[in-house]
Each structure stands twice: as structure tokens, then as C-alpha cells.
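Have a look at the structure below, then the notes.
In this chain, residues are counted from 1 in sequence order. Bear in mind the structure is a predicted one, so any value in this text is a computation, not a measurement.
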Amino acid sequence: MKIRFFHLAATLALGAALAACTPKKPIEKKPAKAVLVEKAGFDELPGWQDGSQEGAWTALTRSCGKILSLPATAQVGSKLIQSYASDWQDACRKITDLGSLDSDHARAVIEREFTPFRISQNGKTDGLFTGYFEAELHGSLTPDETYRYPLYAKPDDLVTVDLGQFAADLKGRHLVGRVEKGKFKPYPKRGAIESGQLDGKGLELLWIDDAVDVFLLQVQGSGRVVLPDGKVVRVGFAGHNGHAYQSIGRHLIDAGELKPHQASWDGIKKWIADNPDKASALFAVNPRFIFFRKLDGDGPIGSQGVALSPERSLAVDKKFVPLGTPIWLDTVWPSQHDKALRRLMVAQDTGSAIKGAVRGDFFWGYGEPALEKAGRMKSPGRYFLLLPNPLAARMAAAS
């Protein structure tokens, strides 16, 4: 391991030395984005009395099971909301002890154990809500003329370096690459990998019948593969090659191939079907490549470490929202901005594009119906965090 990191350390040291010799220009700081969390009442939650809160009970019990497995002193909060497992565990025990229940009973339990909080950023309570889904592919354990496109396991030579071990100001940053002849180098990009860089290494997990579906799975990060005998194999994210994600939809717009309103997955798939000889070059526009692993049990698994629930799990920015938090969502249906979408959700996942205090990604489930909704969702909205009463009381006292 010492040899593996030697050249990286030398590079960092050289960069620091050069920086010290370079005249420094004043850095213009962006104004801080003020985020407020304010107590609200259940009567302020639009549609609360009409919601089917029992529909979120599976998601809630999964999150509560995770929290109940933690030591009471474990941190389960965010940078914005500091909380511990002990703040949640009393409410979680009551939730997990309940069996089947109707909406009125579910609503009463939530109202008794939790307190709503309104969250805003720079004085605005509205934000953006997009959608995602679990891709469904058709594949085989062995290749043939139909199943020709592999899903790869994580290679043994893929190395992730924690830069915080070399410099304190780089804490939380990482580099991904591999060691070649004692030097740390970037891992091959998508185009090189899809041209055969990994052939002969025995890394093929499954073989898929559609290259577009493989690319879509890589964007989503997890999915289910239906085998010829009807059995389902779930696969999830195992690692990536360290290169930044680039949108092929944006590329097609910039190249004048598609109008902005056409750059949905349906529009991109149609363009590829009309231009099959250009598909490989289009995929290579996105240099990031995802490696997978097989998953057991229910899925997909979110960032909280629990299986996601269709139409009840929400991906959030965990700097602001603690994972496991029940959320009352007030937004609109995809492509139907005159139709309210209001329901109890649970913060169970994160995403690289999900940034901000009022930002969410709605998990629609799997298959074509979920893909259609997820691909069309770009909805304005807001949400209320439902925090357990011990945490709410502490926050009220601190304010």
C-alpha cells in the first residue's frame, strides 16, 4: 500500500509547493445560503387530513428497524439537524409494534409522536422534485446472440484513495484509479471499457439483451434483471471508474440533435433507434462507468441501508435532512402541474444531483410505468419534516 500511494503523495506535495510560490488572488466567497427550520402545525400541511398515511408504513417500519438497531448514542442526524438514535427510538418502537392499520390510525400515531417543521432556503420554501426508478432489464447468466452486453463486477485493480489521509483540507474527497508500474493513474473511461479493456478478466456478472438498457442501468445505479426462466436477479452499485458523469441528453441538445423537451429517456431511446451506428459514440460522451454486484432480498437498497418502497421513498440531501425522517410532500404529478401530489414519504436515499435544503428525488418503483413517470417528473413543490417529539423539544429550546 505504501508503494501504491507514493506517487499520489508526491503529486500532492508538489502541488502544494507550487501553490506556495504562486501569488494568491483574493477568493470571492459566494453568499451563504440561509436555511431555516421552523416549527409548524399539522393543520398547515396541505392535504394532511385526506392523505393515505398507512401507505407509508412499510417504508417507516424499515427505517425504524434500522434506527432501532443502532446504539442510543449513534448520530442519525444531518449537519443542519443534530440528532441521535435515542431521539427516534421511542417513536420507532411504537411504529414497529403496530400491525396493519387504517389511515386514521396511522395519522393519529404520527400526530402523537412527531412534530412538523417547515424548511426554507434563502426565504423560499419551494424547491425541485424529480423522479427515479429501478431499471428492469432482460438478461442471462451466459452470453449468446441475444444477450451480448455485459454487466461488470468491480475489478480488483480499481483503487479508491481517501485524499483526507494526505491533507486535512482534502477531507471527504477521493480519487479513483489504478496503479500501473508503481504509478497511480486514472481508470479507463467508458469508451475504452466498452471497446474491450476488461475482456478476459472474468468480470461479467450477467449478459443483457439491450445496450441502451445497460446504459440506463448505469445511470440509475441499481436494477432488476429478468432471466429467461422468469427468475429475477437484483444488481446494485459496487463502484465507478472515477470519471465525472456527463449527460448524453445535454450532449444531444447542444449538438442540435434534440430539442430540450425531447431529451427524456423516451426521446433519447428513439434517437438511438434512428441512429444505431452512432450509439457507441453517444454512450462514450459519458466517461463514467458503473460496476455492479448481485443483491439478495428486497431492493433496491437506499443510502440508509434499507430497501426502498415504491412511491414512498424519497432521496434527499443528507446535509439537511436526516435519513429515516418522515416527510409530508406537497408537489404535483409529472406533466400534470394542475394535479396535486401530496403524501407521506420517508427520506431513505441520496443522489449526487440531489443538492439543497428543499430538493427531492421521488422513487417510482420499477418497470416501464415507473420509467415513464420518473422521466417526466420535474415538479415544483415543498415539504415538511416530521421530527420525533424529543428532538422537536430540544430544537424549540435551542431557538
Side-chain angles (χ1 to χ4, degrees), residues 130 132-133 135-140 143 145-160 174-180 183-223 225 235-293 351-353 371 374-375:
T130 50
Y132 69 118
F133 71 107
E136 184 173 84
L137 301 82
H138 295 275
S140 172
E145 287 300 312
T146 299
Y147 303 104
R148 298 182 291 146
Y149 306 101
L151 300 182
Y152 289 107
K154 182 181 175 182
D156 290 338
D157 64 348
L158 188 75
V159 177
T160 300
H174 299 80
L175 283 178
V176 178
R178 65 181 177 183
V179 178
E180 295 181 12
K183 294 185 178 181
F184 187 74
K185 294 185 176 182
Y187 212 79
K189 296 180 180 180
R190 171 184 297 277
I193 292 174
E194 292 185 341
S195 296
Q197 280 272 323
L198 299 181
D199 289 356
K201 296 183 181 293
L203 295 171
E204 295 86 354
L205 280 180
L206 294 160
W207 299 83
I208 309 301
D209 65 349
D210 190 311
V212 179
D213 286 346
V214 171
F215 185 89
L216 181 56
L217 177 67
Q218 296 214 357
V219 174
Q220 293 299 118
S222 65
V225 180
V235 293
F237 176 88
H240 61 75
N241 63 345
H243 295 279
Y245 171 81
Q246 299 292 328
S247 169
I248 62 173
R250 169 52 57 187
H251 173 79
L252 290 173
I253 292 171
D254 292 343
E257 296 287 342
L258 292 178
K259 301 293 185 184
H261 70 277
Q262 297 173 318
S264 64
W265 275 114
D266 286 343
I268 293 170
K269 290 181 76 169
K270 182 179 184 305
W271 185 92
I272 292 172
D274 293 340
N275 301 273
D277 56 323
K278 299 179 181 179
S280 295
L282 178 64
F283 295 150
V285 166
N286 176 26
R288 172 163 287 204
F289 192 89
I290 304 300
F291 303 103
F292 294 94
R293 60 188 176 93
S352 59
L371 168 59

Return the [atom1] to [atom2] distance between [X] and [Y], rounded to the nearest 0.5 Å.
X: Ser222; Y: Ile290; atom1: OG; atom2: CD1; answer: 11.0 Å
X: Lys189; Y: Asn286; atom1: NZ; atom2: CG; answer: 11.0 Å
X: Gln218; Y: Phe289; atom1: CD; atom2: CZ; answer: 4.5 Å
X: Asn275; Y: Leu282; atom1: CG; atom2: CG; answer: 9.0 Å

Which heavy atom of [X] sits nearest a heavy atom of [Y], and at what distance?
X: Val159; Y: Arg178; value: CG2-CA, 4.5 Å
X: Pro287; Y: Ala244; value: CG-O, 3.4 Å
X: Gly191; Y: Ala284; value: CA-CB, 4.1 Å
X: Leu158; Y: Asn241; value: CD1-CA, 4.2 Å
X: Phe133; Y: Ala374; value: CD2-CB, 4.0 Å
X: Ala279; Y: Ile272; value: CB-CG2, 3.9 Å

Assess whether side-chain contact (heavy atoms from CB on, under 4.5 Å) is satisfied between Val225 and Leu151, documenting all intermediate values.
CA-CA 10 Å; Val225 180; Leu151 300 182; 4.3 Å; yes
Residue pair Leu205, Phe291: steps toward the side-chain contact (heavy atoms from CB on, under 4.5 Å) verdict
CA-CA 10 Å; Leu205 280 180; Phe291 303 103; over 6 Å; no
side-chain contact (heavy atoms from CB on, under 4.5 Å) assessment of Leu206 paired with Leu137:
CA-CA 11 Å; Leu206 294 160; Leu137 301 82; over 6 Å; no
Please examine the side chains of Ile208 and Leu217, heavy atoms only from C-beta on, and report whether any two atoms are closer than 4.5 Å.
no
Go through Trp271 and Gln262 one step at a time and tell me if the side-chain contact (heavy atoms from CB on, under 4.5 Å) criterion holds.
CA-CA 10 Å; Trp271 185 92; Gln262 297 173 318; over 6 Å; no
Phe215 and Phe283 aromatic ring geometry - parallel, tilted or perpendicular at 30°/60° bounds
parallel
Among pairs that include at least one residue of residues 194-217, which meet side-chain hydrogen bond (donor to acceptor under 3.5 Å, both in side chains), considering only residues two or more places apart or in two chains?
Arg190-Glu194
Solution key, residues 248-255 side-chain donor-acceptor pairs under 3.5 Å, sequence neighbours excluded:
residue : atom : partner : partner atom : Å
Arg250  : NH1  : Asp254  : OD1          : 3.4

Determine, for Asp266 against Lys270, whether the closest basic-nitrogen to carboxylate-oxygen distance falls under 4.0 angstrom.
no
Look only at the side chain of Ser264 and the backbone of Gly267, and say whether a donor-acceptor pair between them is shorter than 3.5 Å.
yes
Any donor-acceptor N/O pair, His243 side chain to Tyr187 backbone, under 3.5 Å:
yes
